[in-house]
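Below you'll find the structure, written out as structure tokens, and then a few comments.
The basis for the numbers below is simple: all heavy atoms, side chains too, and nothing from hydrogens, waters or symmetry mates. Chain identifiers are assigned alphabetically (A, B, ...) following the order of the sequence lines, protein sequences preceding nucleic acid strands; residue numbering begins at 1 within each chain. All of these numbers come straight from a predicted model, not from anything done at the bench.
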Protein chains: 2
Amino acid sequence: MEDEVDRLVAAWRRERPDLDVEPLEVLSRVSRLARHLDRARRLAFAEHHLEPWEFDVLTALRRAGTPYQLSPGQLLTQTLVTSGTMTNRIDRLAKKGLVERLPDPSDRRGVLVRLTDTGRDRADQSLAGLLAQERAILGELSRAQRAELAGLLRQLTAPFDNIPG
Amino acid sequence: MEDEVDRLVAAWRRERPDLDVEPLEVLSRVSRLARHLDRARRLAFAEHHLEPWEFDVLTALRRAGTPYQLSPGQLLTQTLVTSGTMTNRIDRLAKKGLVERLPDPSDRRGVLVRLTDTGRDRADQSLAGLLAQERAILGELSRAQRAELAGLLRQLTAPFDNIPG
DNA sequence: ATCAAGTATCTTGACATCGAGATATATGTG
DNA sequence: CACATATATCTCGATGTCAAGATACTTGAT
């Protein structure tokens, strides 16, 4: 089955036969698929009255395990947003009663963000919904293909995640 | 080499051993890699004084071939943004002299967006830069692996691109 | 002890995006 | 031909994000 990137690549080969556009076969698909996933996630979370950005922060805290707290800085590396954005997100989640800010006892510059009980419940509920949706999207692929795909993607993400970039 | 998603998945398995989080191995990597790519693209285009969104619109027109014009609607499906966003993008590109709006002769509701000569040059220059960067990112992978990856990703994108979703 | 450099978080202003609705035109049915 | 419905684009208000800089504290070297 053809996709939009096949059309895009064919168009470039016609218009710019002098260039090797093969990298687009992989990376344009990654970018476009991510945008489709964003939209799908927005719909899936709407049932739980959660925005994708709220999910990202709440689940990062949920994954940390008891007592469900992380510094803003740790949340940055997990969510790939800037510090200004994270300050704003924490403000809004705190106003909704889903997280609370605590002073970091070991560093007076620092802050710890802790999930409230309500926040924890919302995280748990919405995660199940997301996984169901993702399973449907991956339905096309066999288990072996998913493992293959995950492995190849890891090779691309690892440099970004490990070298501070 | 481990990446952030390996850590994320391990954390879920510890915290929610009742759930099967295997879908995240693929789809969280796609989302995170797309964010890394966005940042990298922003840097790469900075040399050409172009924003990623400008690149997306200009190259869609460039790919169309002479006379380098498409309707706003066609640009929507290629760039995956809403109509309000596209109106705004065209306004700003027109103000910078990179595109111009023409009435569609065959449909008086419609408009055609045409690349100016300057716009065409900017598109061509920045494409070469992007490809160089993407080749570096894909450097980890053999040619066969890239083909494998592209094929697996196509299976995921095709439903989104073909069923109007 | 002091001070420079580093780190953690927050503040601010500019800007791009979205969703919903408005407007104008096109198309199909009877 | 009239009308209901569909389509193409634009308008507008709300919101989330970013980059750059400010502030407060910590760390390491002397």
Side-chain angles (χ1 to χ4, degrees), chain A residues 31 34-43 45-46 49-58 60 69-96 98-114 164, chain B residues 31 34-43 45-46 49-58 60 69-96 98-114 164:
Chain A
S31 294
R35 270 189 89 56
H36 287 305
L37 291 174
D38 272 353
R39 291 183 171 188
R41 290 206 313 162
R42 192 172 303 274
L43 286 177
F45 292 143
H49 305 287
L50 266 191
E51 299 296 320
W53 65 263
E54 295 178 298
F55 175 87
D56 288 342
V57 177
L58 297 181
Q69 57 190 24
L70 291 172
S71 70
Q74 290 173 307
L75 288 169
L76 290 192
T77 69
Q78 296 210 29
T79 54
L80 297 176
V81 296
T82 61
S83 65
T85 297
M86 188 51 70
T87 299
N88 186 20
R89 286 183 175 189
I90 296 166
D91 287 347
R92 283 174 282 155
L93 288 170
K95 204 167 292 176
K96 292 178 73 171
L98 301 177
V99 306
E100 55 191 347
R101 272 198 183 84
L102 307 171
D104 182 336
S106 68
D107 184 338
R108 275 191 293 186
R109 292 168 306 181
V111 166
L112 291 174
V113 182
R114 179 155 65 190
Chain B
S31 294
R35 269 189 89 55
H36 287 305
L37 290 174
D38 272 352
R39 291 181 169 188
R41 291 207 311 161
R42 192 174 303 274
L43 286 177
F45 292 143
H49 305 287
L50 266 191
E51 299 296 318
W53 65 262
E54 295 178 298
F55 175 87
D56 288 342
V57 176
L58 296 182
Q69 58 189 24
L70 291 172
S71 69
Q74 291 172 306
L75 289 170
L76 291 191
T77 69
Q78 296 209 30
T79 54
L80 298 176
V81 296
T82 62
S83 65
T85 297
M86 188 51 69
T87 299
N88 187 19
R89 286 184 175 188
I90 296 166
D91 286 347
R92 284 173 283 154
L93 288 171
K95 204 167 293 175
K96 292 178 74 172
L98 301 177
V99 307
E100 55 190 348
R101 272 198 183 84
L102 307 171
D104 182 337
S106 68
D107 183 340
R108 274 192 295 186
R109 293 168 305 180
V111 166
L112 291 174
V113 182
R114 180 157 64 191

| note | Walking DNA chain D from its 5' end, the first of A:Arg108 and A:Thr82 to be reached, judged by nearest nucleotide, is A:Thr82

| field | Nearest-Å distance for atom pair CE/P, residues A:Met86 and D:dA19 | value | 14 Å

| remark: Between CG of A:Asn88 and P of C:dC15 the distance, given in whole Å, is 18 Å

| message | Measuring only between side-chain heavy atoms, which start at C-beta, is B:Asp38 closer than 4.5 Å to B:Arg42? | response | no

| query | Side-chain N or O of B:Ser83 less than 4.0 angstrom from OP1 or OP2 on D:dT9? | reply | no

| Nearest-angstrom distance from the residue atom CZ of B:Arg42 to C1' of D:dA19 | 10 Å

| field | Short side-chain N/O contact to D:dC18 OP1/OP2 from B:Arg35, under 4.0 Å | value | yes

| note | Rounded to whole Å, the CG-C1' distance (B:Leu76 to C:dG19) equals 14 Å

| message | Expressed as a whole number of angstroms, how long is the span from A:Gln69:CD to C:dA8:P? | response | 17 Å

| query | Between atom CD in A:Glu51 and atom C1' in C:dT17, what is the gap in whole Å? | reply | 13 Å

| Pairwise 5' ranking along DNA chain D for B:Gly73 and A:Thr85, keeping only the more 5' one | B:Gly73

| said: How many whole angstroms separate atom CG of A:Asp56 from atom P of D:dG16? | reply: 14 Å

| said: Is the shortest side-chain heavy-atom distance between A:Pro72 and A:Val111 below 4.5 Å? | reply: yes

| field | Atom-pair distance (NZ on B:Lys95; P on C:dC15), nearest Å | value | 11 Å

| Think B:Arg92 has a side-chain N or O under 4.0 angstrom from the OP1 or OP2 of C:dA14? | no

| task | Using a heavy-atom cut-off of under 4.0 Å over every strand shown, decide if A:Gly84 touches base, sugar-phosphate, or nothing. | result | base

| field | Euclidean distance, B:Leu93 CG relative to B:Leu50 CG, rounded to 0.5 Å | value | 9.0 Å

| task | Output yes when B:Arg109 and B:Asp104 qualify as a salt bridge under the 4.0 Å nitrogen-oxygen rule, no when they do not. | result | no

| message | Classify B:Asp107 by what it touches in the nucleic acid, base, sugar-phosphate, or nothing, heavy-atom distance under 4.0 Å. | response | sugar-phosphate

| Exam field: side chain A:Arg39 to backbone B:Leu80, donor-acceptor pair closer than 3.5 Å | yes

| query | With a 3.5 Å cut-off and just heavy-atom distances, do the side chain of B:Arg109 and the base of D:dT7 make a donor-acceptor pair? | reply | yes

| For D:dT17, does OP1 or OP2 lie under 4.0 Å from any side-chain N or O of A:Arg89? | yes

